[in-house]
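Counting starts at 1 for both ligands and their atoms, following the listed order. What you are looking at is a predicted structure, and each value in this text was computed from that prediction instead of being measured.
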Amino acid sequence: MCRIVNFNINGCNYKLPIVGGTYYEKAINISKLRENTGFITFDPGFKNTGIVKSSISFIDGEKGILLYRGYPIEQIIKKCSFIETSYLLLNGELPNTAQLKSFSERIKEFNSINKDIHQILDKSPVFYHPMEMLSSLTCILTAFITKKDGLKEKDMYIHLLAKLPILAALTYRKKIGLPPSTSDKNLYYTSNILKMFFSVPKKYYKNDPIITDALDKLLILHADHEQNCSTTTVRLLGSAHTGLFASVSAGISALWGRLHGGANQAVIEMLENILKCGGNIRKWVERAKNKKDPFRLMGFGHRIYKNFDPRAKIVKEVAENIISELEIDDPILELAKELEEIAIQDPYFMEKKLYPNIDFYSGIIYQAIGIPKEMFTVMFALGRLPGWMAHWKEVRLNREPIGRPRQIYIGYKKRNID
Ligand code: ACO
């Protein structure tokens, strides 16, 4: 591969170095472009801009490959738990038995929450969206934990892994008028999440391995996805030396958007609406193609994947499995499969390389587990947490400069107030 590109602006020749990675991704390093030429680059949505050299995850969008620290997602899903995956993302290697035991035990050590946080929830109006509450409570953990206890950096990651599920469960239970639940140190991480969500005074949620396994797999599939919108948000905050909890809180808010993680809620709402309106799938596919119509097929399309999303393949299998294991008759799953069949054969979707993404089937699993729609993106956030933290850590370890793009100003020229 050549190491330099030559280019010409206004008759002057310039040389720009090429940056390469482990695979074939290559970039033109333009960090000195403005200094040397007076030009900046223009790339709305960062569609063609690399902002970092990272060693956490790798995606080949054309071939449908996703690696966490070098391991294919298909192997991780078969051989690792969510806690092992979190360790891998945060530390770079899979844990040995002793490391895993100590990591899991430390998470359990921190799994309680300051009682004043309950009061914040008690004073909040119940019509909040769980994502806004989760983001706020995550941010305020800074006051309750970091400042109070003078927390060491390595403990912050453990604290957040322990605390986010507690905050998620509290947020959910408060909203539907249930008392707070306590976490159970004897349970595995994901079983404990389910227990905290669903145990009510009289009815203890049974620790069903089929449900735990399905949720664990979803958490793993969401755990990291290189420079997506929420992770880049977390990285940007990290680059300004904002603390971990506040940075993750911003990541949660970014994830909430319906074009990003919020799509999982939007997909089920769309499918329910299609069903309610008579189930004429072709009509909705036509609407999605019509540029004058704001309707889009939620759960379809991806900035990076242009062949298939490997996570979507796995999620579809998990969804089919859990629906059949739990003997649920779900017309939404059938509708989703039909919609996928029709859309992927449609010339518009083929030409634009639009395929189902991870969010297309994930909501069906959450629904089968009994998680309400408004909590879907919260579950995504629980899964994405180790990825966000690994990226925040990488920014700090690499001593990356503060993220600060430029702009092309198109407003008024200088003018005076009369
Ligand atoms: N339905 C119909 N048309 C679509 C869809 C869709 N879901 N997605 C993209 N297109 C079309 C666009 O209209 C555009 O057409 P044009 O070239 O004629 O203007 C073309 O495909 C390219 O789409 P962009 O929006 O430019 O692609 P971008 O990479 O910016 O956006 C995104 C990707 C946001 C995921 C988009 O595909 C989308 O809105 N999908 C639906 C929401 C969704 O499922 N989001 C979850 C993504 S996965 C995740 O974040 C966890």
If you count only heavy atoms, which residues are under 4.0 Å from ligand 1?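 Near ligand 1, by chain and number: Lys47, Leu259, His260, Ala263, Ala288, Lys291, Arg296, Leu297, Met298, Gly299, Phe300, Gly301, His302, Arg303, Tyr348, Lys352, Leu354, Asn357, Asp359, Phe380.
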Is the His222 ring parallel, tilted or perpendicular to the Tyr366 ring (thresholds 30°, 60°)?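 His222 and Tyr366: parallel rings.
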Phe300 and ring-ring contact (aromatic ring centres under 6.0 Å, His included): which partner among Tyr348, Tyr305, Phe349?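 That would be Phe349.
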Salt bridge (charged side-chain N to carboxylate O under 4.0 Å, His left out) contacts in which one or both residues fall within residues 249-277, not counting sequence neighbours: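 Checked against salt bridge (charged side-chain N to carboxylate O under 4.0 Å, His left out) - neighbours excluded - the pairs reaching residues 249-277 are Arg258-Glu269, Glu272-Lys373.
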Counting only heavy atoms from other residues, nucleotides and ligands, does the tally under 6.0 Å from CG of Asp122 exceed 12?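 Enclosed.
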Tell me every residue that passes side-chain hydrogen bond (donor to acceptor under 3.5 Å, both in side chains) with Arg282, counting only those two or more places apart in sequence or in another chain.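 Here no residue qualifies.
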Set of side-chain contact (heavy atoms from CB on, under 4.5 Å) partners for Glu320, sequence neighbours left out: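 Checked Glu320 against side-chain contact (heavy atoms from CB on, under 4.5 Å); matches are Lys316, Leu333, Lys337.
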